[in-house]
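Reviewing the structure listed below.
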Amino acid sequence: MPCTVIAGAFWGDEGKGKIISYMALKDKLDVCIRTGSVNAAHTVWFEGRRYALHMVPAAFVYEECRLLIGAGANVHVGKFLEEVEATEVKNRIGVDQQASIIEEKHSIQDKTSEHLKGLGTTGWGIGPAIEERVRRTARVAKDIPELQPYLTEASEEVNEAIDAGKKVVVEGTQGLMLSLFYGTYPYVTSRDTSASAICSEAGVGPTRVDNVLVVFKAFMTRVGTGSLPGELTKEEAMRRGWFETAAGTGRDRRSAPFSFELAKKAAIIHGATQAAVTKLDALYPECKGAKKYDALHKEAKEFINKIEKQTGIPVVLIGTGPDALDIIDRRE
Ligand code: IMP
Ligand code: MG
């Protein structure tokens, strides 16, 4: 597994944080590099505590893991410092000196733009921050006094780790359906969220990747505006136990049954070699907490088989509960 890219399939919130935290603990990851920005929250449940991480890589749960933020990421300095403190990772986290900075003014621009409000953005200011970067007026990490102790060349570190055969995870954020290029434009985020773009933000070339693991949730959710095929009413979502609120903004998440067609599209564009399915227990409550594939009921196994058949890739990790370790691991 030396270098694995983790990418979301749908509209984010597939459970990438949970999958990465499991891999960190189980595989003893050496390096985890995060991309994207503060608009994405990765939820990690570990030792009875819940973390909704906007900046710190989800692999922080394994205390030997080096944590990095890539040059293509956008750093929110306040949130970064707050999370570094909460997760106690000060001595093992680095920020690429050329990662750009997302500021309060970007959030104000995001929240006051009628156009952006109409797209249902998170309000963190990611679109305006990226606009500034494209204009080449954005500040970058090396310009920020509070970030001086953390500065590094993240791409150099990550490539050296790959050269040394270390275990590296490149942490993507959001999902393919929010991609600026491949998603439900214009109801998308301001960057490409495909595996190739995740690698680009981390400074990892396509020949250096061994695995692309696409993360599916057992049903689909979406926050903000834009189409959601098969969307259920809130009442129906609650009845099925699928109703969620956003980890980042607290907004209601809309929900719909799993789409095999979209799953296939995501697997193709990500170039996925493996898949994870999270929240299987939301569809099949009797599998809650299962750690062995054989413990799953017939219908649950049929669902997994169908995903494998339609996407052509193996489902290697299956989430059966919120904790990082509530997982069926079918690798090896
Ligand atoms: P922005 O990324 O804040 O500009 O928002 C654009 C769209 O992407 C909106 O529909 C947001 O709800 C959605 N979005 C952005 N980040 C996430 C995420 O991490 N999870 C779910 N939806 C997201
Ligand atoms: Mg999220």
Side-chain angles (χ1 to χ4, degrees), residues 6-21 34-45 50-58 72-74 76 79 83 100 102-134 171-194 197-198 201 215-217 219-228 231 242-256 262 266 276 278-279 319 322:
I6 309 293
F10 301 132
W11 287 270
D13 309 316
E14 298 92 355
K16 293 176 291 295
K18 181 218 165 71
I19 295 297
I20 294 165
S21 58
R34 181 166 166 154
T35 60
S37 190
V38 69
N39 47 348
H42 287 180
T43 303
V44 171
W45 278 94
R50 177 180 178 275
Y51 302 83
L53 301 165
H54 295 257
M55 284 276 112
V56 166
N74 274 268
H76 186 290
K79 204 72 187 163
E83 289 184 3
S100 63
I102 181 166
E103 305 182 50
E104 187 55 28
K105 66 175 179 190
H106 300 131
S107 172
I108 293 166
Q109 287 162 10
D110 195 353
K111 287 179 185 154
T112 53
S113 154
E114 286 307 317
H115 173 63
L116 293 176
K117 271 198 288 188
L119 302 181
T121 66
T122 62
W124 278 99
I126 187 66
I130 289 182
E131 277 179 40
E132 256 219 279
R133 190 172 203 178
V134 173
E171 176 170 352
T173 63
Q174 308 160 305
L176 191 79
M177 303 307 150
L178 285 174
S179 163
L180 181 61
F181 301 160
Y182 307 104
T184 50
Y185 188 88
Y187 300 99
V188 294
T189 190
S190 39
R191 62 194 264 275
D192 179 19
T193 53
S194 72
I198 295 166
E201 287 186 19
V215 183
F216 300 118
K217 185 157 64 181
F219 54 97
M220 304 191 298
T221 56
R222 169 162 212 179
V223 284
T225 34
S227 69
L228 176 61
E231 181 168 359
W242 296 2
F243 179 72
E244 300 177 346
T245 51
T249 57
R251 292 183 292 179
D252 286 3
R253 287 184 185 154
R254 300 149 59 199
S255 58
L262 292 181
T278 62
K279 289 210 161 185

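Both ligands and their constituent atoms are indexed starting at 1 by order of listing.
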So which atom in Asp13 and which in Ala41 form the shortest heavy-atom distance, rounded to 0.1 Å?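 So the minimum-distance heavy-atom pair works out to OD1-O, 4.4 Å.
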
Give the minimum heavy-atom separation between Gln174 and Asn39, together with the two atoms involved.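 Result for this residue pair: NE2-ND2, 3.2 Å.
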
Have a look at Thr121, Leu119, Thr189 and point out the one with the heavy atom closest to atom 5 (O) of ligand 1.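 Shortest heavy-atom distance from atom 5 (O) of ligand 1: Thr121.
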
Does one side chain, of [X] or [Y], offer a donor that lies under 3.5 Å from an acceptor on the other?
| X | Y | value |
| --- | --- | --- |
| Thr245 | Asp252 | no |
| Arg191 | Ser37 | no |
| Thr121 | Lys117 | no |
| Glu131 | His106 | no |
| Arg254 | Thr225 | no |

Determine whether the side chain, the backbone, both or neither of [X] has a heavy atom under 4.0 Å from any heavy atom of ligand 1.
| X | value |
| --- | --- |
| Thr173 | neither |
| Leu178 | side chain |
| Arg222 | neither |

Backbone or side chain, does any N or O of Asp13 fall under 3.5 Å from an N or O of ligand 1?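 There is such a contact, yes.
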
Ignoring angles and geometry beyond distance, decide whether Ser190 reaches within less than 3.5 Å of ligand 1 through its nitrogen or oxygen atoms.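 No: no nitrogen or oxygen of Ser190 is under 3.5 Å from one in ligand 1.
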
Just which atoms of ligand 1 are under 4.0 Å from any heavy atom in [X]?
| X | result |
| --- | --- |
| Arg251 | 11 (C), 12 (O) |
| Trp11 | 20 (N), 21 (C), 22 (N) |
| Val223 | 10 (O), 12 (O), 21 (C), 22 (N) |

Show your working on salt bridge (charged side-chain N to carboxylate O under 4.0 Å, His left out) between Lys279 and Glu244 and close with a plain yes or no. CA-CA 12 Å; Lys279 289 210 161 185; Glu244 300 177 346; 2.6 Å; yes

Shortest protein heavy-atom distance from [atom], along with the residue and atom involved:
| atom | answer |
| --- | --- |
| atom 9 (C) of ligand 1 | Gly120 O, 3.1 Å |
| atom 19 (O) of ligand 1 | Ala40 CA, 3.0 Å |
| atom 15 (C) of ligand 1 | Gln174 NE2, 3.2 Å |
| atom 6 (C) of ligand 1 | Val188 O, 3.5 Å |
| atom 3 (O) of ligand 1 | Thr122 OG1, 2.7 Å |
| atom 1 (P) of ligand 1 | Ile126 CG2, 3.5 Å |

Opening angle between OD1 in Asp13 and O in Ala41, taken at the Mg ion (ligand 2), to 10 degrees: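 So the angle at the metal works out to 170°.
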
Mind checking whether His76 and Trp124 have parallel, tilted or perpendicular rings, split at 30° and 60°?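 If you compare the ring of His76 with that of Trp124, the planes turn out perpendicular.
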
For Asn74 and Ser100: C-alpha separation, side-chain torsions, deciding distance, then whether side chain to side chain donor-acceptor pair (under 3.5 Å) applies. CA-CA 5 Å; Asn74 274 268; Ser100 63; 2.8 Å; yes

With a cut-off of 2.8 Å, does Gly17 place any N/O/S atom under that distance from the Mg ion (ligand 2)?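 Gly17 does not place any N, O or S atom closer than 2.8 Å to the Mg ion (ligand 2).
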
Do Lys217 and Glu14 sit within salt-bridge range, that is, some charged N less than 4.0 Å from a carboxylate O?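 Not counted as a salt bridge, because no side-chain N and carboxylate O are separated by less than 4.0 Å.
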
